[in-house]
Amino acid sequence: MAWTWRFEKSDGTEVPPAVEPEEFTTQGDAESWIGEAWKELLEGGADQVALFEDSAKIYGPMSLHADQA
């Protein structure tokens with residue numbers, strides 16, 4: 001099982017991440033990483049993220065904008 005993030009503009013268009021994530025082995029590791037990297041991702045052009053376990057979407061889109069979170 002691999003946990004990965006999809007990085008998107010507010011309209012759902014996928015964008016490359018400003019900080020390259022690893023492939024996470026647990027949901028907790030993926031969520032901890034996004035908690036540390038969200039500001040850099042936002043500054044790099046991502047507005048929201050979605051979490052996937054393999055190809056299954058777990059949740060999202062989740063805004064990276066603090067005023068909308």
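Taking CD from Glu31 and OH from Tyr59, the interatomic distance works out to 3.5 Å, rounded to the nearest 0.5 Å. For the atom pair OG1 (Thr26) and CD (Glu53), the distance works out to 10.5 Å, reported to the nearest 0.5 Å. Taken from CD in Glu23 to CE in Met1, the straight-line distance is 12.5 Å, to the nearest 0.5 Å. Between the CD atom in Glu8 and the CG atom in Leu64 there is a gap of 10.0 Å [rounded to 0.5 Å].
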- request: Tell me, with the steps shown, if Trp38 and Met62 meet side chain to side chain contact (heavy atoms under 4.5 Å, CB included).
  value: CA-CA 11 Å; Trp38 71 270; Met62 178 178 69; over 6 Å; no

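In terms of the side-chain contact (heavy atoms from CB on, under 4.5 Å) criterion, residue partners of Pro17 (sequence neighbours excluded) are, by chain and number, Phe7, Glu20, Pro21, Leu41.
Under a cut-off of 6.0 angstrom, the local environment of NZ in Lys57 is crowded, with over 12 non-hydrogen atoms contributed by other residues, nucleotides or ligands.
At distances below 3.5 Å, at least one donor-acceptor pair connects side-chain atoms of Trp5 with backbone N or O atoms of Ala30. Formation of a donor-acceptor pair under 3.5 Å by the Lys9 side chain with backbone atoms of Asp47 is not found in this model.
Residues Val15 and Phe52 fall into different hydrophobic clusters, defined by Ile, Leu, Val, Met, Phe, Trp and Tyr side chains chained together at heavy-atom separations under 4.5 Å.
Taking all atoms of both residues into account, the shortest heavy-atom contact from Val49 to Ile34 is CG1-CD1, 4.0 Å. The nearest pair of heavy atoms linking Ala18 to Gly44 is CB-CA, 3.6 Å.
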